[in-house]
Structures are given as C-alpha cells and as structure tokens.
There are 2 protein chains.
Amino acid sequence: MKVNKELLKGSTVIMILTLLDRKEMYGYEMIKEIECQSEGVFSLKEGTLYPILHMLEAERWVEASWSEHEGRKRKYYTITDAGRGQLKEKKQEWNLFRGALERVIGEGHA
Amino acid sequence: MKVNKELLKGSTVIMILTLLDRKEMYGYEMIKEIECQSEGVFSLKEGTLYPILHMLEAERWVEASWSEHEGRKRKYYTITDAGRGQLKEKKQEWNLFRGALERVIGEGHA
DNA sequence: TTATAATACCTAGTAAATCTATGTATAGAT
DNA sequence: ATCTATACATAGATTTACTAGGTATTATAA
C-alpha cells in the first residue's frame with residue numbers, strides 16, 4: 001500500500017515528533033506522556049521507542065543531549081528544522097490516509 | 001502498542017469486509033474498487049490481498065465460491081455473520097485508534 | 001534491611017504485515 | 001503475433017513493533 005506502510009512507522013514517529021515540537025523531552029517521559037494523552041490506548045514499549053529515537057537522531061530529525069536530574073541521567077531530545085519538516089509531511093500523510101480510509105469504509109455518512 | 005498492531009492488518013481487513021458487507025465481490029474487483037474509492041491512495045497488491053482473503057475464509061468471516069463469467073473463472077466472496085461482527089469490532093477499533101492519535105497529535109484544535 | 005516498584009537507558013531476537021517477484025491462464029486489442 | 005488487462009496463487013524479502021532480556025539508580029514497603 002502507498003500510505004499504510006509509512007503509517008505504521010508514521011503513527012509512532014508522528015506522535016514523538018509532535019511531543020518534541022512542543023518541548024524537549026526524554027524517552028521515558030514520552031512513553032508516559034503518550035500513554036496519558038491517548039487515554040491508555042497507546043502504551044509504547046521501551047523496545048519500540050528507543051530504537052526509533054536512535055533512528056530519528058541518525059536522520060537528523062532530533063538531537064540528543066545527556067543531563068542529570070536528581071541523580072538520574074536522562075537523555076533529552078529536541079526537534080530540528082528537518083524534524084519539523086518531517087512532522088508536517090507526516091501530518092499530511094495521516095490526513096490523506098484517514099480521509100481515504102473513511103471514504104472506503106463510509107464514515108461520515110454511515 | 002495496543003491498537004496499532006491490529007490496525008496495519010486491520011486497515012486492510014476493514015476495507016475488504018466493508019466492501020463485502022455491501023455486496024459479494026471477487027478479489028481483483030476489490031483491488032480496483034478500493035483504488036477507486038480511496039481516490040488512488042490505496043493500491044492493494046495481489047500478493048497482499050489474496051493471502052488475506054484466504055485468512056478471512058479460514059476464520060469463517062467470509063465464504064468463497066467459484067463461478068464463471070465470460071470465459072473467466074472468478075472466486076466470489078460473501079461475508080458471514082461472524083464477519084459482520086468482526087467488521088463492527090474493527091470499526092470501533094479504528095475509531096478508538098483515530099481518536100487517540102488525534103488527541104496526541106492535536107488535530108481538531110491545531 | 002532487604003525486597004520491590006518506579007525511573008531511565010539499551011539491544012538481540014522474534015513475530016506480524018505487507019510488498020516484490022514470480023508463476024499460471026484467458027480474453028481482447030493492436 | 002504480441003501486449004495489456006483480467007484473474008487467481010505462492011515464496012521470499014522487507015519493514016515495524018514486540019518480547020525478553022540486560023544495566024543502574026532511587027524511593028517505598030515489608
């Protein structure tokens with residue numbers, strides 16, 4: 001499929017980039033935030049999130065820096081300009097996907 | 001993730017079951033129909049569709065029967081009651097997923 | 001005081017979904 | 001005669017996310 005292949009990856013990446021577009025965050029915090037904001041629907045696993053964060057860093061869509069908070073080491077991520085561009089693209093992709101699926105399954109008039 | 005894992009499979013299955021809930025169809029026809037109704041966004045490959053149809057049949061969500069039309073053999077699929085139940089469930093799942101994602105990425109107020 | 005839960009990061013291996021590529025076969029158009 | 005469209009099918013590769021495991025610190029409860 002044209003969009004969906006991107007979407008499975010996209011639906012996670014789009015959430016991460018959206019959070020980082022609001023403020024810098026660390027991985028563990030993102031998991032809790034996504035769980036909270038989605039009202040428990042998404043419970044991202046660490047084994048899912050961390051590899052994605054490393055990929056985002058390799059793509060230069062985010063930047064990471066270590067800092068210490070109350071004896072704990074945290075890796076804070078910030079979004080880059082390229083990341084903001086990607087976010088915009090992925091949001092358009094999501095709208096395209098959602099619109100197309102709903103045309104097929106007939107939401108809005110069913 | 002709780003929903004997404006189901007959704008990648010689900011987004012295709014939900015479309016197939018929706019089509020079959022309207023009328024009986026054969027595989028090749030479904031590909032063209034989905035492509036048309038989604039305005040070209042989804043172009044399901046045969047290598048994707050046929051294994052799914054066989055799975056749906058094994059799950060007893062659809063039933064298949066061969067018939068001939070102008071010298072061509074077609075395998076027509078019809079939805080079962082169990083299939084209609086699944087369709088209802090998958091539509092609820094889609095709404096849950098869409099709602100949760102949009103709460104996180106802030107559509108509706110962004 | 002010791003065990004457990006919560007915080008905070010990481011990776012290897014596995015499972016699941018879809019795609020690519022390929023095969024068979026017929027009908028119609030060029 | 002060859003190419004395109006129709007119509008089915010499967011094997012293997014790729015991609016994505018999960019499971020399961022590992023390290024380490026702090027706070028809480030038994």
Side-chain angles (χ1 to χ4, degrees), chain A residues 1-16 24-36 38 41-59 62 64-77 90 93-94 97 100-101, chain B residues 1-16 24-36 38 41-59 62 64-77 90 93-94 97 100-101:
Chain A
M1 295 224 287
K2 212 185 287 178
V3 183
N4 202 25
K5 195 178 80 175
E6 298 297 295
L7 204 85
L8 31 154
K9 184 181 172 187
S11 68
T12 307
V13 170
I14 198 174
M15 287 192 284
I16 295 170
E24 65 167 14
M25 290 179 86
Y26 55 98
Y28 196 79
E29 190 186 8
M30 294 180 209
I31 290 173
K32 300 298 162 190
E33 192 76 10
I34 287 172
E35 188 146 23
C36 173
S38 72
V41 175
F42 302 124
S43 52
L44 222 57
K45 303 299 176 292
E46 295 179 306
T48 305
L49 179 68
Y50 290 115
I52 290 177
L53 285 175
H54 301 156
M55 179 274 287
L56 294 178
E57 201 182 351
E59 297 281 352
V62 302
S65 62
W66 285 95
S67 82
E68 209 157 329
H69 178 82
E70 286 168 17
R72 278 178 210 292
K73 277 168 191 164
R74 290 169 174 174
K75 203 170 173 180
Y76 278 91
Y77 289 87
K90 295 218 171 285
E93 222 172 68
W94 160 249
F97 172 81
L101 183 60
Chain B
M1 298 224 286
K2 214 185 287 177
V3 184
N4 202 24
K5 195 177 78 174
E6 298 298 295
L7 204 84
L8 31 155
K9 186 180 171 186
S11 67
T12 307
V13 170
I14 199 175
M15 287 193 284
I16 295 170
E24 67 167 13
M25 291 179 85
Y26 56 98
Y28 195 80
E29 190 185 7
M30 293 179 210
I31 290 173
K32 300 297 162 191
E33 192 75 11
I34 287 172
E35 188 147 22
C36 173
S38 74
V41 175
F42 303 126
S43 53
L44 221 58
K45 301 300 176 291
E46 295 177 303
T48 304
L49 179 68
Y50 291 114
I52 291 177
L53 285 174
H54 302 157
M55 179 275 288
L56 294 178
E57 200 182 352
E59 296 281 351
V62 302
S65 61
W66 285 94
S67 83
E68 209 157 328
H69 179 83
E70 286 167 15
R72 279 178 209 290
K73 278 170 190 162
R74 291 171 174 172
K75 202 169 173 181
Y76 278 91
Y77 289 88
K90 294 219 172 285
E93 221 173 69
W94 160 250
F97 172 82
L101 184 60

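Quick note on labels: first sequence line is chain A, next is B, and so on, each numbered from 1.
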| said: How many whole angstroms separate atom CD1 of I52(A) from atom C1' of dT11(C)? | reply: 15 Å
| request: Grab the CE-P distance between M30(B) and dT6(D) for me, whole Å please. | output: 16 Å
| said: Run the side chain to side chain contact (heavy atoms under 4.5 Å, CB included) test on Y77(B) and E57(B) for me, step by step, so that the C-alpha distance in whole Å, both residues' side-chain angles and the decisive distance to 0.1 Å come before the verdict. | reply: CA-CA 9 Å; Y77(B) 289 88; E57(B) 200 182 352; 4.2 Å; yes
| said: Rounded to whole Å, please give me the gap between CD in E70(B) and C1' in dA25(C). | reply: 17 Å
| task | For residues L53(B) and V62(B), report the shortest heavy-atom separation together with the two atoms involved. | result | O-CG2, 4.2 Å
| query | Between dC10(C) atom C1' and L44(A) atom CG, what is the distance in whole Å? | reply | 15 Å
| query | Expressed in angstrom and rounded to an integer, what is the separation of K45(B) atom NZ from dA9(D) atom C1'? | reply | 17 Å
| message | Suppose we screen for side-chain contact (heavy atoms from CB on, under 4.5 Å). Which residues come up paired with E46(B), at least two apart in sequence or across chains? | response | Y28(B), I31(B), Y50(B)
| Minimum side-chain heavy-atom gap E93(B)-I14(B) below 4.5 Å | no
| Could you state the CE-P distance from M25(B) to dT6(D), rounded to the nearest angstrom? | 13 Å
| query | L49(B) pairs by side-chain contact (heavy atoms from CB on, under 4.5 Å) with which of I16(B), T12(B), I34(B)? | reply | I16(B)
| To the nearest Å, how far apart are L53(B) CG and dT10(D) C1'? | 14 Å
| task | Please state how far atom CE in M15(B) lies from atom C1' in dT18(C), giving the value in whole angstrom units. | result | 12 Å
| Nearest-0.5 Å distance, NZ of residue K73(B) to OH of residue Y26(B) | 16.0 Å
| Does T12(B) have a side-chain nitrogen or oxygen under 4.0 Å from the phosphate oxygens OP1 or OP2 of dT18(C)? | yes
Please list each protein N or O that sits under 3.5 Å from an N or O in nucleotides 5-9 of chain C, with the distance.
{"residue": "dT7(C)", "atom": "OP2", "partner": "Y28(A)", "partner atom": "OH", "Å": "3.0"}
{"residue": "dT7(C)", "atom": "O2", "partner": "R72(A)", "partner atom": "NH1", "Å": "3.0"}
{"residue": "dA8(C)", "atom": "OP1", "partner": "R74(A)", "partner atom": "NE", "Å": "2.6"}
{"residue": "dA8(C)", "atom": "OP1", "partner": "R74(A)", "partner atom": "NH2", "Å": "2.4"}
{"residue": "dA8(C)", "atom": "OP2", "partner": "Y26(A)", "partner atom": "OH", "Å": "2.6"}
{"residue": "dC9(C)", "atom": "OP1", "partner": "K75(A)", "partner atom": "N", "Å": "3.1"}
{"residue": "dC9(C)", "atom": "OP2", "partner": "G27(A)", "partner atom": "N", "Å": "3.4"}
{"residue": "dC9(C)", "atom": "OP2", "partner": "Y28(A)", "partner atom": "N", "Å": "2.5"}
{"residue": "dC9(C)", "atom": "OP2", "partner": "Y50(A)", "partner atom": "OH", "Å": "2.8"}
{"residue": "dC9(C)", "atom": "O5'", "partner": "Y50(A)", "partner atom": "OH", "Å": "3.3"}
{"residue": "dC9(C)", "atom": "N4", "partner": "E46(A)", "partner atom": "OE1", "Å": "3.0"}
{"residue": "dC9(C)", "atom": "N4", "partner": "E46(A)", "partner atom": "OE2", "Å": "3.4"}

